[in-house]
Amino acid sequence: MSQRRIGVYVCQCGGNISDYVDVERVASQAADNADVVIARTAMFTCSDATQADIAEDIRQHQLDGLVVASCSPKLHTLTFRGVAERAGLNPYQYTQVNLREQCSWAHTDDRKGATDKAVTLVEAGIGRTRLTEPLNPLVVDTMPKALVIGAGITGMRAAVGLADLGMEVYLVEKQATVGGWLKSMDTMYPAGKTPKEIIDQLDEQIHQRSNVTVFTEAEVVQKGGTFGNYVVKVALHRPTEQTISLNVGSIIVATGFDVYQPEIGQYGYGIDGVLTLPEFQDFLKTNPGPMVYHGRPVRTVSYIYCVGSREGREQPNAHTYCSRYCCTSTVHTALEVFKHDPGVHQYHLYRDVRTYGKYELLYSESREKGSLYLKFAADQPPAVERTGDQLKVTVNDLLTSRKELAIPSDLVVLVTGIIPRENDALVHALKLPVGKDGFYNEIHPKLRPVETVVDGVYIAGACQNPKTAGESAASALAAVTQSASILKKGKVQLDPQVAFIDASECTGCGACLKVCPYEAISAQSGDNGQSAYVVSEAICKGCGGCVPECPVEAIRVQGYTNAEIRAMIDGLLMEEVEQI
Amino acid sequence: METLREADEVTAVMSQTQIEFEPRILVFSTNNISDPGIDLAGSSHLHYSPRVVTIAVPCSSGISSSLIEYALKRGFDGVFLAADGDECAYLSDCNERTANHVADAQKWMKIHGFQPERLRMAAICSVCAEPFVNYMHEFSRTLTALGPAGDKNHGL
């Protein structure tokens, strides 16, 4: 291997690193490397002045590799890639070494240990940089059109948002009408507009915009093409069965959720007078005034919370997550009941009340109006049985010396949560990442909350996790912003750190082909008629799942090759290796 | 006499190494999920052994058993795979895939005299700072009890 010309910069981070790590020693040990042309420390490597110094060094010393040892790569990888690029060095020949979050801050109690570690971390960074090759991002043109799947509140809000940014929008809905779950609901918390008013208003806004086309009774059946210009096939079921083809730059999936339906016998479900929360809300809507259920006046209502939510992992197909909306919805429903009849006794049997944010006010109000809250343990759920004319709910109350209480009730309401909607055909067509809980997975719940690993495919609303209508609309706007930021530019760079296959080493065994769920790998017959495999750069996500499958290491992920990782391992063991 | 003293010194040095043995641990983390969790441990100034070092990759299922073997052969006393649990954005079955590579590596370890306890895999989420540090303390203790890995035990 020919000698490299690498520059190494060790950041003091204004003391955040240098208070705990001897940065001068780290830099001087880095300088001992034959490939290292220059090694320095700086007070703040990310400052404009130091960035300019680094760029100047790159030009003056004709560096072909750059290492900055500073904070976590999540913060400044792009910053220093930019410095490299501005100075004419390929940005992918840069390595960021994590000297702060994973060294100085984690070992504030051990200066020598932290410094020894820092030396090896930098050595690993140099080892990796030595093997880097220039990579060029694929630039693809993007179509200024977007597809929104699902016309509930999320999809409708997204369509309006995209249209207002000048995008051509196709809104595809499986059902005959738009509006999703909301159009059939009665009241929403917090007080204000009814769901129908909100949906009608959005529907009107969509109709006013000429750049939104709505397809109802339609389904997405296939996605082809590549990021920036996906070709999506949509099956229209009306007026006649036909399949149309749409070219779009991005896709927002807003397919929503399903409601949990208890099994017969679960908390007495199936007994007359035991209802789910949606069934009870429906009953309230259709029966104004004092409540009478099946000819009997209702004087006592008991609510059992967390039915079908936060289940133990030991149960098969357990819904282990919190459905988030149901506590507040129940508390709100209880307040509606008081409007029907202020004298009704209401018992809330809960595990934890999660009326988060300003909804705490609803919880307080329900208590002030007379709702009683009883806490039960997850492993001691309440029991429901019918005794004569009444229902009896038995519960072990955790907050009053674990006394067993029997509550005679006229109605028992099971507070049911939401579950992911099954849509295997869509998951398959779009290659949507599905989490273990059955909801679609974003890249990161906080940092990249609407992006999926499939470029240009975004998720919003309750298809990604339980959300309220307000939260769903907010996530729709996040997806709109992400989507438009790509489409407005007209072109986009794809990360070149994806898999590639060295054709000279590929034996054509096809092991990699079978493990890629994105279908990024395909066969191509070589010159000698022998088949070899190639990776589509635009489709590959760079996860590396295929790498261990290759018996000859012919398939590698750029920037994460096994050779680079081995070089890092050697660097990390510098002293050991030297001793041996 | 001369030789005897030398031998004494060697024994003294060796017993000192035994006492001061602090295992080297290599952690493989994932860019989107477990590495931010490990970052958070540092941001929270939670301490763990500085002999713990991390290499971040896109997804744990991309770590070939050969890399785990390489790390042990070269001198790490233990390897910890900080996997994504249920949260991996790339592959819904990444845990199973990673577990398969772990199983392959363990077969190799058995043949080459590395105790199976030297390889661990656990889910570390993006805010799992404390669990990560606890795992490291526990893993360091286990490895300290086992002593240096593989070839370092014999011959060297």
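Being a predicted model, the structure only gives us computed values, none of them experimental.
Heavy-atom distances place no part of Gln497(A) under 4.5 Å from chain B, backbone and side chain included. Only the side chain of Tyr518(A) comes within less than 4.5 Å of a heavy atom in chain B; its backbone stays farther off. In this structure, chain B has no heavy atom under 4.5 Å from any part of Val454(A). Of the two parts of Asn100(B), neither the backbone nor the side chain holds a non-hydrogen atom closer than 4.5 Å to a non-hydrogen atom of chain A. Using a 4.5 Å cut-off between heavy atoms, Asn16(A) does not touch chain B at all. The parts of Asn562(A) that come within reach of chain B are both its backbone and its side chain, each placing non-hydrogen atoms under 4.5 angstrom from that chain. Neither the backbone nor the side chain of Glu451(A) has a heavy atom closer than 4.5 Å to any heavy atom of chain B. For a residue to count as touching a neighbouring chain, one of its non-hydrogen atoms must lie under 4.5 Å from one of that chain's; by this rule Lys541(A) touches chain B with backbone and side chain alike. In this structure, chain B has heavy atoms under 4.5 Å from both the backbone and the side chain of Ile443(A). Contacts between Ser66(B) and chain A at a heavy-atom distance below 4.5 Å involve the side chain alone, from C-beta outward. If you measure heavy-atom distances from Thr108(A) to chain B, the contacts under 4.5 Å come from both the backbone and the side chain.
Within the structure, side-chain hydrogen bond (donor to acceptor under 3.5 Å, both in side chains) contacts touching residues 123-135 of chain B (residues at least two apart or in different chains) are His444(A)-Ser126(B).
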Which donor-acceptor pairs under 3.5 Å do side chains of residues 140-148 of chain B form with protein atoms, sequence neighbours excluded?
| from | atom 1 | to | atom 2 | distance (Å) |
| --- | --- | --- | --- | --- |
| Ser140(B) | OG | Met136(B) | O | 2.9 |
| Thr142(B) | OG1 | Glu138(B) | O | 2.9 |
| Thr144(B) | OG1 | Ser140(B) | O | 2.6 |

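Between chain A and the residues Cys94(B), Ser44(B), Pro36(B), the largest count of heavy-atom pairs under 4.5 Å involves Pro36(B).
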